[in-house]
J.: 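I am attaching a structure below and will ask some questions about it afterwards.
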Amino acid sequence: MSDLSDSHIDALVIGGGFYGATVAAHLARKLDRVVLIERSEDLLTRASYVNQARVHAGYHYPRSIMTALRSRLNFDRFVQQYPECIDDSFTMIYAIARDSKVTAAQFVKVCESIGAPIRRARDTYRDLFSSWLIEDVFETREYAFNADKLRKQARGDLQRTGVQVELGTRVSRVAQAAAGSVEVTTEPGGRRWIAGQVVSCTYAQTNTLLHDSGLALLPLKNELAEIPLLEVPEPLRGLGITIMDGPYFSVMPFPARGAHSIHHVRYSPHHHWHDLSQYRDAYRHLEQSQVRSNYRYMITDAARYVPLLRQAQQVDSLFEVKTVLMQNEVDDGRPILFRRDYGMPNLSLLLGAKIDNIYDALEALDENRLRHSQP
Ligand SMILES: Cc1cc2nc3c(=O)[nH]c(=O)nc-3n(C[C@H](O)[C@H](O)[C@H](O)COP(=O)(O)OP(=O)(O)OC[C@H]3O[C@@H](n4cnc5c(N)ncnc54)[C@H](O)[C@@H]3O)c2cc1C
């Protein structure tokens, strides 16, 4: 058991994914004692690793202009801040399906209005697609990130800013403490921390933390998602391909494994649930689920649009719970969720929707600090 002074800290961040690690380093630039608690034995092992590794540049969201614009702006910042983690060695192709929810002309208009570079693809790329299913094909400027390299950079940032990192440690509950501070209990050992402020960056476990702390749940939707990794045939190796906009798919480099990944709108989610009507501990649910790969369905459908994909080989499949705000089921937007003073003073909840909108999250945190420091 550590002594009391050792457990009194300025800020405690729960969750050592990309969001929690970045937030902890950000806070430590302004505060003396910042602690980051992560239940796994390493940083960035959950959604920050198991995702499609796309650094969004806005192309993906033609039906949500705000998300498209924010992505476009955050893209440049992210690429500049994490140059070592970026894979820009491939060409990202966006193809518009004939029964897409947007036309090719609308897609181009949105890209131009947010300043995202776009041009009609050259014939060698167009020839890869089934022309009776695809209206038009474009070359764009979008990259992938390497999650292993992002983890390395996060570790360095935490070390440089003096954050105390506790791995293999789970926050079991939070409660209100005296003088506006927050009491945080961690396992194993039942240790109690008293923090001036607490930020939860627990993504798919956000409602589990609230549930276990006796606080009201947020209206979140969870999907048990599969990301198969594949080896693609030579003509596709230097490409990422995204078919817009509807129940289609994308295949793109997954730099941390030197493979490609496929995400299919219809087959990547195996099932979903809404926390308000059907609460589950998302991690426990994933551990206990016996899911069989949907890879065959994904590749059979994808090969209708890009016939060469028939020659792809599955090398692995990664599974994770994807958590999104219920309000974005309609417009496909991906804003962050930030709730300050949630259920008690100085407890903030942060739910990242995409890796690169970390900047929106840091802005929200800074505004929060400003408001609190005003008389
Ligand atoms: C299938 C899928 C595809 C995606 N594709 C993309 C994409 O291509 N591009 C993109 O930008 N975004 C994508 N995303 C979204 C992106 O992955 C997330 O927005 C981002 O990773 C969230 O980061 P995070 O740090 O909040 O979450 P996580 O990386 O999940 O971190 C949460 C951390 O909290 C820890 N934790 C949880 N509960 C506790 C507790 N009680 N105590 C201590 N620690 C705890 C967990 O162990 C975990 O490390 C995708 C997500 C999924 C699931």
Side-chain angles (χ1 to χ4, degrees), residues 12-24 35-57 60-61 67 70-71 74-75 78 92 142-145 147 150-151 154 165-174 184-188 193 198-213 222-228 240 242 250 252-255 261-265 267-270 272 281-284 286 317-325 334-338 349-358 360-361:
L12 185 147
V13 178
I14 313 173
F18 179 67
Y19 271 74
T22 309
V23 162
V35 172
L36 173 65
I37 308 278
E38 166 53 45
R39 56 181 272 160
S40 303
E41 296 300 331
D42 206 346
L43 303 171
L44 277 74
T45 59
R46 300 292 315 212
S48 299
Y49 184 90
V50 184
N51 64 63
Q52 227 197 351
R54 183 192 306 268
V55 186
H56 283 275
H60 219 67
Y61 302 104
T67 299
R70 291 304 305 182
S71 277
N74 289 337
F75 175 81
F78 190 88
M92 182 65 90
E142 201 170 56
Y143 305 145
F145 60 86
L150 219 46
R151 180 185 305 112
V165 180
E166 300 280 331
L167 297 173
T169 306
R170 184 178 67 86
V171 171
S172 53
R173 73 188 300 266
V174 292
V184 179
T185 309
T186 57
E187 308 295 341
W193 306 78
V198 169
V199 185
S200 162
C201 300
T202 49
Y203 193 63
Q205 290 297 93
T206 302
N207 271 334
T208 296
L209 180 72
L210 298 177
H211 176 268
D212 295 351
S213 305
N222 302 285
E223 290 172 4
L224 197 161
E226 176 181 6
I227 303 269
T242 302
S250 56
M252 61 178 284
F254 189 83
S261 65
I262 180 166
H263 181 275
H264 194 293
V265 172
Y267 300 117
S268 286
H270 280 247
H272 70 265
D281 177 325
Y283 284 3
R284 195 177 304 145
L286 178 59
S317 262
L318 309 177
F319 293 89
E320 185 52 285
V321 176
K322 183 173 193 169
T323 301
V324 295
L325 306 181
R334 289 286 180 272
I336 57 155
L337 173 144
F338 181 72
L349 310 178
L350 189 51
L351 186 93
K354 295 186 288 99
I355 289 286
D356 57 289
N357 57 20
I358 184 67
D360 301 341

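In this text the structure is predicted, and so the values were computed from the model without any measurement. Note that ligands are numbered from 1 as they come in the structure, with each ligand's atoms numbered from 1 the same way.
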J.: Under the 3.5 angstrom rule, does the side chain of Ser200 hit a backbone N or O of Ile14 as a donor-acceptor pair?
T.: no

J.: Taking distance alone, with no angle check, do Thr202 and ligand 1 share an N/O pair under 3.5 Å?
T.: no

J.: Would Thr208 count as a contact of ligand 1 if the rule is a heavy atom under 4.0 Å away?
T.: no

J.: Does any N or O in the side chain of Glu142 come within less than 3.5 Å of the main-chain N or O of Ala57, such that one atom is a donor and the other an acceptor?
T.: yes

J.: Please confirm whether Tyr19 comes within less than 3.5 Å of ligand 1 when only nitrogen or oxygen atoms on both sides are compared.
T.: yes

J.: Could you check which of Arg39, His263, Lys354, Glu41 puts a non-hydrogen atom nearest to atom 12 (N) of ligand 1?
T.: Lys354

J.: Between Thr208 and Arg284, do the side chains contain an N or O donor and an N or O acceptor separated by less than 3.5 Å?
T.: no

J.: Is there a polar contact, in the sense of an N or O pair closer than 3.5 Å, between Ala225 and ligand 1?
T.: no

J.: By number and element, which atoms of ligand 1 are closer than 4.0 Å to a non-hydrogen atom of Cys201?
T.: 32 (C), 33 (C), 34 (O)

J.: In the protein, what heavy atom is nearest to atom 34 (O) of ligand 1, and what distance, to one decimal place, separates them?
T.: Gly15 CA, 3.2 Å

J.: Hey, is ligand 1 close enough to Gly352 that some N/O pair sits below 3.5 Å?
T.: yes

J.: From the options Leu318, Ile355, Ile358, select the one whose nearest heavy atom is closest to atom 10 (C) of ligand 1.
T.: Ile355

J.: Does an N or O from Leu209, backbone or side chain, lie closer than 3.5 Å to an N or O of ligand 1?
T.: no

J.: Geometry only, no angles: is Gln52 polar-contacting ligand 1 at N/O separations under 3.5 Å?
T.: yes

J.: Measure the distances from the heavy atoms of Tyr283 to every atom of ligand 1 and state whether one is below 4.0 angstrom.
T.: yes

J.: Looking at Ala353, which atoms of ligand 1 are within less than 4.0 Å of one of its heavy atoms?
T.: 15 (C), 19 (O)

J.: Under 4.0 angstrom from ligand 1, any heavy atom of Ile14?
T.: yes

J.: Please check if the side chain of Ser48 supplies one atom and the backbone of Phe18 the other of a donor-acceptor pair under 3.5 Å.
T.: yes

J.: Would you say Arg54 and ligand 1 have an N/O pair spaced under 3.5 Å apart?
T.: yes

J.: Who passes salt bridge (Lys or Arg N to Asp or Glu O under 4.0 Å) against Asp212, sequence neighbours left out?
T.: none

J.: Any heavy atom of Ile227 sitting closer than 4.0 Å to ligand 1?
T.: yes

J.: Pick whichever of Ser71, Ser40, Ser48 has a heavy atom sitting closest to atom 21 (O) of ligand 1.
T.: Ser48

J.: Quick one: is the NZ or CZ of Arg46 closer than 6.0 Å to the six-membered ring centre of Tyr283, and within 45° of its axis?
T.: yes

J.: Run the side chain to side chain donor-acceptor pair (under 3.5 Å) test against Arg70 and tell me which residues pass, sequence neighbours left out.
T.: Asp360

